[in-house]
Amino acid sequence: NFLTNTLSSSVSYYRKFVGTPFNMNVSATHSQNTNTQAITMTLPSLQLNMDRIYPFAGKGGIKKNALQKVGLNYSMNGDYRINTVDSLFFKPEMFETAKAGIQHNTNVSTNMKVLKYFTLSPNASYKEVWNFDFIERRYENNEVITDTIKGFKSFREYRVGASLGTNIYGVFNFKKGRLKSIRHTIRPSISYGYRPDFADKYNQQVQQSDDPLDVLTYSPFENGLYGRPSKGLSNSIG
């Protein structure tokens, strides 16, 4: 009545692929609440990462121009997650509500000198999410019914941006004392970022009353492990 008793366990395996920019971590976790009888497990969780590489660098890794400075990294996360209760533990019903998903992320950036004293740094990122179940809604008997459909469905989105900056150095000299001078640095910069509205591309609609024009907009990815497509246009300056 007074305590929350939670049992938990985990096991993980990490490997660095020597001679390559890749490393991998695989883990399995289990959490069980003896009061609510709720059990949460990941069987397994996979993370694959690629350190930043410079595919266009010159011999010996020389990076002189904007093309040679193009850097690319990549990561992948995959989960198979189970939410169940004690009475269904390791029974077929336990796997009926399990959720699986994979998320890919990649980022590319470079920098170049402009007008001699300024550094321009464009960048772009890309995300792709794979879901192995999704939801569909239908209007039936004066109500909206939600079905979970087993099957593959994915969405993707991107973001682009750039920043422009420079360094301004100055020296303040002292005429007396042991302290001769102080150097100060000012780093002004301006940045811009843009991301389209991806939600509208994937959203669906369902009638929600006797009026055919009364519709409900929803995302098939509402219950996905990695969320739904980003909503709203993002157009920012800093």
Side-chain angles (χ1 to χ4, degrees), residues 17 20-25 45-79 99-135 152-169 185-205 217-238:
F17 296 94
T20 77
F22 293 97
N23 64 79
M24 177 185 71
N25 188 74
S45 177
L46 168 68
Q47 292 88 39
L48 178 67
N49 298 292
M50 183 186 77
D51 297 332
R52 182 168 291 272
I53 62 172
Y54 298 87
F56 306 109
K59 291 183 178 181
I62 295 176
K63 297 183 283 290
K64 292 184 177 180
N65 54 49
L67 182 61
Q68 292 177 335
K69 293 177 181 178
V70 170
L72 172 72
N73 62 7
Y74 166 80
S75 66
M76 183 193 77
N77 296 313
D79 277 296
K99 290 191 171 296
I102 297 175
Q103 177 175 273
H104 306 268
N105 288 285
T106 186
N107 177 274
V108 60
S109 62
T110 186
N111 64 80
M112 64 197 79
K113 287 289 184 181
V114 294
L115 301 177
K116 190 176 181 179
Y117 299 109
F118 294 90
T119 301
L120 177 65
S121 303
N123 63 84
S125 61
Y126 174 81
K127 180 174 77 171
E128 183 166 329
V129 175
W130 297 352
N131 287 288
F132 298 95
D133 63 67
F134 55 94
I135 66 168
F152 178 80
K153 204 173 187 68
S154 63
F155 70 86
R156 48 204 60 82
E157 58 184 60
Y158 64 87
R159 179 190 302 266
V160 295
S163 64
L164 182 68
T166 189
N167 293 331
I168 301 172
Y169 301 99
T185 308
I186 303 172
R187 295 187 174 93
S189 67
I190 185 170
S191 61
Y192 171 74
Y194 172 76
R195 189 209 66 218
D197 183 349
F198 291 98
D200 283 345
K201 180 180 179 180
Y202 297 99
N203 283 347
Q204 298 181 6
Q205 293 183 331
T217 301
Y218 71 95
S219 172
F221 307 101
E222 285 180 7
N223 298 327
L225 291 179
Y226 300 104
R228 63 183 77 179
S230 299
K231 182 180 180 180
L233 170 70
S234 175
N235 213 6
S236 60
I237 203 165

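Computed from heavy atoms alone, side chains included, the values below leave out hydrogens, waters and symmetry copies.
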Contacts of type side chain to side chain contact (heavy atoms under 4.5 Å, CB included), residue [X], not counting sequence neighbours:
X: Thr217; value: Asn203, Gln205
X: Ser45; value: Ser27, Thr42, Gln47, Asp79
X: Leu72; value: Met50, Ile53, Thr106, Val108
X: Leu115; value: Phe118

Exercise. Listed by chain and number, what are the ring pair (Phe, Tyr, Trp, His ring centres under 6.0 Å) partners of Phe132, not counting sequence neighbours?
Worked result: Phe152

Problem set entry | Tyr158 ring center within less than 6.0 Å of Phe198 ring center | yes

For this session: Could you tell me if the ring centre of Phe155 sits under 6.0 Å from that of Phe221?
Result: yes

Seminar exercise, completed: When Ser121, Ser236, Ser163 are each screened for side chain to side chain contact (heavy atoms under 4.5 Å, CB included) with Ser191, the one that passes is Ser163

Exercise. Do the side-chain N and O atoms of Asn167 and Tyr117 include a donor-acceptor pair separated by under 3.5 angstrom?
Worked result: no

Exercise. Between the side chains of Tyr54 and Gln68, does any donor sit under 3.5 Å from an acceptor?
Worked result: no

Problem set entry | Chi angles and distances behind the salt bridge (Lys or Arg N to Asp or Glu O under 4.0 Å) call for Lys231, Asp197 | CA-CA 5 Å; Lys231 182 180 180 180; Asp197 183 349; over 6 Å; no

Problem set entry | Exam field: side chain Arg52 to backbone Gly71, donor-acceptor pair closer than 3.5 Å | yes

Exercise. Judged by atom type as modelled, is there a donor-acceptor pair below 3.5 Å linking the side chain of Thr110 to the main-chain atoms of Ala66?
Worked result: yes

For this session: Using the test side-chain hydrogen bond (donor to acceptor under 3.5 Å, both in side chains), find all partners of Ser154 that sit at least two apart in sequence or belong to another chain.
Result: Arg156

Considering only heavy atoms from C-beta outward, does the side chain of [X] approach that of [Y] to under 4.5 Å?
X: Asn73; Y: Asn49; answer: no
X: Thr119; Y: Val114; answer: no
X: Arg228; Y: Glu222; answer: yes
X: Met76; Y: Ile102; answer: yes

For this session: Check the pair Lys127 / Val129 against side-chain contact (heavy atoms from CB on, under 4.5 Å), numbers first and verdict last.
Result: CA-CA 7 Å; Lys127 180 174 77 171; Val129 175; 4.2 Å; yes

